[in-house]
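For reference, the structure is listed below as structure tokens.
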2 protein chains.
Amino acid sequence: MPAEDPGTKADGKPAARDLDRGLLPSLMGYALRRTQSAVFADFAATFAAAGEALTPGEFGLLVLVDRNAGLSQMALARALGIDRSTLVPILDRLQGRGLLVRRRSPTDGRTHALALTPVGAKALARFAKLVRAHEARIASALSTAETRTLIELLEKVRASSL
Amino acid sequence: MPAEDPGTKADGKPAARDLDRGLLPSLMGYALRRTQSAVFADFAATFAAAGEALTPGEFGLLVLVDRNAGLSQMALARALGIDRSTLVPILDRLQGRGLLVRRRSPTDGRTHALALTPVGAKALARFAKLVRAHEARIASALSTAETRTLIELLEKVRASSL
DNA sequence: TATTGTTATACTCTATAACTATA
DNA sequence: TATAGTTATAGAGTATAACAATA
């Protein structure tokens with residue numbers, strides 16, 4: 001994902017003055033989108049620099065499967081807030097990379113019991129280290145208290161928007 | 001986009017206990033993504049309820065064009081942080097809806113001067129009202145001071161992630 | 001040569017609808 | 001009947017590469 005324009009460029013030209021953003025800077029939704037985009041970019045850069053490839057969504061999925069081994073695709077889709085059909089190609093890819101497996105549930109023939117492979121578990125440990133480094137970087141401009149406050153306020157907004 | 005699972009459901013069943021999310025709740029990136037998703041859903045619902053169709057990105061684009069009439073597609077793409085080729089189909093759609101026009105720049109034959117149509121300007125006024133209602137709703141769980149703090153912290157994070 | 005806008009192409013995320021196997 | 005997973009399909013957002021027009 002793209003970084004935002006850094007404003008005035010350092011070349012010789014008239015340097016295309018910053019655009020007028022009107023009311024946008026006062027909108028929480030706008031701040032949320034722009035910050036999310038920058039954070040996503042840092043996440044991608046962190047993983048690319050380490051020679052790994054993973055999206056934030058894939059990381060969240062792997063953590064969920066790791067901590068809830070045996071869960072069904074429906075349960076996972078619900079936890080992720082996506083449709084069950086959306087989940088299929090995502091699992092295909094992760095399974096294709098050897099990170100997780102779909103096993104037949106012994107108790108309900110309709111469902112798959114999801115689990116990380118040993119390779120997936122090892123990879124997740126590496127990924128978690130990278131995520132911690134990424135988190136430290138994006139929070140580097142905030143104090144510990146500010147970081148905690150930010151997460152709390154975000155959660156408050158999310159919880160009230162159900 | 002989809003609302004997250006509301007946790008324990010209100011039906012009669014065993015009610016599939018909440019999943020273990022491991023370290024995810026302590027991650028700023030995770031909170032950001034989930035909150036953004038909920039806020040996006042509220043934005044969409046607000047517009048749908050009013051019989052309008054617009055995404056947050058389209059709203060931001062229209063505001064930028066409104067406040068910077070005559071700007072080029074390159075300048076707009078840079079301001080939005082997207083590739084110029086990505087912008088083309090987005091402008092096609094908005095132009096197809098009669099909200100904006102591409103005019104030939106008189107000074108530089110390579111560029112298009114973008115501007116809202118009268119219809120687009122009127123629509124933007126309606127949209128802005130809806131956005132204000134949406135913003136009030138998503139901030140309803142926060143005090144005025146908290147809302148200001150949230151936006152400030154988000155901006156701090158974004159500005160440091162350039 | 002360099003820049004702007006466009007097209008062609010390719011992924012990914014997202015959804016709805018319909019199919020299948022199972023319950 | 002109802003549920004789980006899959007497939008088919010479609011739309012939006014994102015990108016890179018190549019091309020035409022213009023500078």
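The chains referred to below are lettered A, B, ... by the order of the sequence lines, with proteins before strands, and numbering in each begins at 1. Just the heavy atoms: all of them, side chains too, but no hydrogens, waters or symmetry mates, feed the values below.
Distance CZ (Arg78(B)) to C1' (dT3(C)): 11 Å, rounded to an integer number of Å. In this structure, CG of Leu87(A) is placed 13 Å from P of dT7(D), rounded to the nearest angstrom. Between Leu91(A) atom CG and dT7(D) atom P there is a gap of 12 Å when expressed in whole angstrom units. As a whole-Å value, the separation of Met74(B) CE from dT4(C) P is 5 Å. Rounded to an integer number of Å, the gap from CG of Leu54(B) to C1' of dG11(D) is 16 Å. If you measure from atom CD1 of Ile82(B) to atom P of dA15(D), you get 7 Å, rounded to the nearest angstrom. Atom CG in Leu76(A) sits about 13 Å away from atom C1' in dA4(D), given to the nearest Å. Between Arg84(B) atom CZ and dA21(D) atom P there is a gap of 16 Å when expressed in whole angstrom units.
Note on Thr86(A): a side-chain N or O is less than 4.0 Å away from OP1 or OP2 of dA15(C). Put simply, Arg93(A) has a side-chain N or O that comes within less than 4.0 Å of OP1 or OP2 on dC13(C). OP1 or OP2 of dA4(D) has not a single side-chain nitrogen or oxygen of Arg102(A) nearer than 4.0 Å.
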Test side chain to side chain contact (heavy atoms under 4.5 Å, CB included) applied to Glu58(B) and Leu99(B), step by step:
CA-CA 11 Å; Glu58(B) 288 169 338; Leu99(B) 301 181; over 6 Å; no
As a quick check of understanding, evaluate salt bridge (charged side-chain N to carboxylate O under 4.0 Å, His left out) for Arg132(A) and Glu135(A), giving each step before the final call.
CA-CA 5 Å; Arg132(A) 271 185 259 276; Glu135(A) 283 278 323; over 6 Å; no
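Comparing Pro89(A) and Thr107(A) against DNA chain C, the residue whose closest nucleotide sits nearer the 5' end is Pro89(A).
Contact annotation: side chain of Thr111(B) to base of dT3(C), donor-acceptor pair absent below 3.5 Å. In this model, no side-chain donor or acceptor of Arg110(A) finds a partner on the base of dG5(D) within 3.5 Å.
The line from CG of Leu94(B) to CZ of Arg102(B) is 9.5 Å long, rounded to the nearest 0.5 Å. To the nearest 0.5 Å, atom CG of residue Leu153(A) and atom CD of residue Glu146(B) are 5.5 Å apart.
With distances taken from any side-chain atom of Arg104(B) to the nucleotides dT22(D), dT6(D), dG13(D), the minimum falls on dT22(D). Minimum atom distance to the side chain of Asp83(A) is reached by dA15(C), of the listed dT7(D), dT6(C), dA15(C). Which of dA17(D), dG5(C), dT6(D) sits closest to the side chain of Ser85(B) comes down to dA17(D).
Within a heavy-atom distance below 4.0 Å of DNA chain C, the residues of residues 58-73 of chain B found are Ser72(B), Gln73(B).
Of the possible polar contacts, none joining the Ser37(A) side chain to the Arg33(A) backbone as a donor-acceptor pair under 3.5 Å is found.
Residues Thr111(A) and Met74(A) fail the side-chain proximity criterion, which asks for heavy atoms closer than 4.5 Å.
Ring geometry for Phe47(B) against Phe127(B) counts as tilted: the plane angle lies between 30° and 60°, on a 0 to 90° scale.
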